[in-house]
Structure formats: C-alpha cells, structure tokens
Protein chains: 2
Amino acid sequence: MTTATPAAGSRDLPHPVREDIRLEAVLHALSDPMRLQIVRELAAERTELTCSQFVLPVTKSTSTHHFRVLREAGVIRQCYRGTAKMNGLRRDDLDDLFPGLLDALLAAAARQAARLGG
Amino acid sequence: MTTATPAAGSRDLPHPVREDIRLEAVLHALSDPMRLQIVRELAAERTELTCSQFVLPVTKSTSTHHFRVLREAGVIRQCYRGTAKMNGLRRDDLDDLFPGLLDALLAAAARQAARLGG
DNA sequence: CTCTTCGTACGATAAACATCGTAGTACGCT
DNA sequence: AGCGTACTACGATGTTTATCGTACGAAGAG
C-alpha cells in the first residue's frame, strides 16, 4: 500500500498528450448536452470529482461512455483513487492550446442555461 | 418581375431565429473539419460567398449537406442571388447570444491550423 | 428555346453514436 | 475469505451522420 509504484495498480487510463488534442474532437465532445453538463459541473467545482458525484439521467454504462469520450478528446483527465475514478478538467492543457476557448465555452453554456432555464 | 412579393421567388430557406440557436447545435456543426473550414473561410473574407467558391474535397451533394447543417444550426445565413447561393456568417446573432465565443473558436482553429500546418 | 451552370432531392450505404442490460473486475473493509 | 461499492466490458439496438451517385429544378447566356 501507499507504494508510489510507477504502475500505480496497473489501472492507468489512456489520455491524449497535449499536442494531440484536436479542436474538432473537443467541440464534438462538448456538443452533447450530457457531456457539456459534466464539464460545466467540473468547472464549477474547482476540484476533481468522482463519476458517481454526477447525477445524470442515464444508466451507469452510458455515463462511463460519456466520460470516456471526454477523456479521449482531451477535455478531462481521469485516474483511479481506490475504487473511485476521479475526473478533472484539463484546463492547463486546453488553455495552453486554445487560450480563452474554454472560458468562452463555459460562459456561453452558462448564458444559455440562464436564458432557457429561467 | 422584380416584385417584392413575400415569397420572393419561392426559394426561401428555413433558418432558426436567434432565440432558437442552441449552443450544442453550434458546437456540433463546428466539430466537423469540413464545416469548420467553411466557417473559417467565411470569417476570413468579410463578405458573403457562394457555395461554389469553396473548394472542398467532397462531391456537391455532400457540400450541400454541410451547408445545410451550418444553416440549421444557426451558424450561417443562406439566400439565393440568381442561381448562386450566398453564405454569410451570422456573426450578429452569435455574438449576441454567446459573446466572444465565435472569436474564441476562430482563434482556436487558426492556432491549431498554424500548429499543425506549419 | 437551348445550353450551361449552380445547386437540390432522393435513395443507398457504411460508419459512428447514444443508450441500455447483463455480467464481470478491481478495490477497500471487516 | 467474503461482501459491498464503483466502475467496466461486451453485445444489442435504434438513430444519426457523412458520403456518394443520379436525376432533377431554377436562373442566366446565347
């Protein structure tokens, strides 16, 4: 336990490196309402969240799918912490690649939510 | 004729009104490389362009499809001028709904193109 | 009227996608 | 070891999507 082994339990997840993140993939990932919601919550809380902390109107299989799309697009970073899977926004990478984009997207989403939701 | 009839030649095209433009639809429309390219060119030239001024590596049917997706998402506005179909960015509507988003997207696309293309 | 140019409509097709359910694996706790 | 929690893997399904080809319509030039 508490061994800082490289493999860290052999439960690593594949992420694209920063240079491989493609704008089209990011936009596609965010074009799904469920995934956009996930990213909004993740940005609101400034910390990492477990998958189960999101209340989504779909089954767990579907949630897994959406989280994976976000990860493979380079929008979030996932890692295991015990049995829980932590999710964090890749804000540093996104801000470096596309300065201002993430904030503009979050602002647009917030604005639309405010307009439609009340 | 030159009659300013309401139908205007019965060649009108359906556009969503500003309030009906959805962020998810815009992101989805721009998540296709072909369509992102179209929007980039449209933004670069500050004027309206005909469909045939775009050189796209697909057939005309497919082009028609992509232009329609962009129009139905509210990203571009289309109208006929003679036999040509003019395309213009709906910058006013997009800037009103999502201030700063379009510019952030275009900047991100330009940055990525610069990074990958040279 | 005819011809050409520009774009559409429709049908087909293959791929991708969102969703589910079931069965299974990994980890922590007792 | 045994149990419960958290998430995954796989297969199925119905929908959407990107693409094409062919045939068609609308407008302008001769």
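Within every chain, numbering begins at 1; the chains are lettered A, B, ... in the order of the sequence lines, protein sequences first and strands thereafter. For the numbers below, each heavy atom of this structure counts, side chains included, while hydrogens, waters and symmetry mates do not.
Taking atom OH on A/Y80 and atom P on C/dA26, their separation rounds to 10 Å, with Å as the unit. Following rounding to the nearest Å, A/R35 (CZ) and C/dT19 (P) show an atom-to-atom distance of 8 Å. Rounded to whole Å, the distance from CG on A/L13 to P on C/dC27 is 12 Å. Following rounding to the nearest Å, A/H66 (NE2) and C/dA18 (P) show an atom-to-atom distance of 6 Å. Distance B/L27 CG to D/dT17 C1': 17 Å, rounded to the nearest Å. Atom CZ in A/F54 sits about 10 Å away from atom P in D/dC7, given to the nearest Å. Rounded to an integer number of Å, the gap from B/L30 CG to D/dT17 C1' is 16 Å. Atom pair B/L70:CG and D/dA18:C1' shows a separation of 14 Å (rounding to whole Å applied).
Here C/dA18 is the nucleotide among D/dA9, C/dA18, D/dT19 with the atom lying nearest to any side-chain atom of A/H65. Checking C/dC6, C/dC20, D/dT19 against the side-chain heavy atoms of B/T62 singles out D/dT19 as nearest. Which of C/dG7, D/dT19, C/dA9 sits closest to the side chain of B/V58 comes down to D/dT19. Out of C/dC27, D/dC7, D/dA18, the shortest distance to the side chain of A/T50 is found at D/dC7.
Within 6.0 Å of CZ on B/R115 lie more than 12 heavy atoms contributed by other residues, nucleotides or ligands.
Taking the nucleotide of DNA chain C with the nearest heavy atom to each of A/H28 and A/K60, the more 5' of the two is matched to A/H28.
A/F67 comes within 4.0 angstrom of nothing in the nucleic acid, heavy atoms only. If you check every strand for non-hydrogen atoms under 4.0 Å, A/S52 touches sugar and phosphate atoms only.
On a pure distance criterion of 3.5 Å, no polar donor-acceptor pair joins the side chain of B/T83 and the base of C/dG7.
Contact check for B/L42 versus B/V75: no side-chain heavy atoms found under the 4.5 Å cut-off.
A donor atom on one side chain and an acceptor atom on the other are found under 3.5 Å apart for B/E24 and A/Q112. Between the side chains of B/T59 and B/T62, a donor-acceptor pair is found at a separation under 3.5 Å.
Under 4.0 angstrom from either OP1 or OP2 of D/dA6 there lies no side-chain N or O belonging to A/R81. Applying the 4.0 Å criterion to OP1 and OP2 of D/dC20, one finds that B/T59 has a side-chain N or O inside that range.
Electrostatic pairing of A/D103 and A/R91 counts as a salt bridge here, judged by a charged N lying under 4.0 Å from a carboxylate O.
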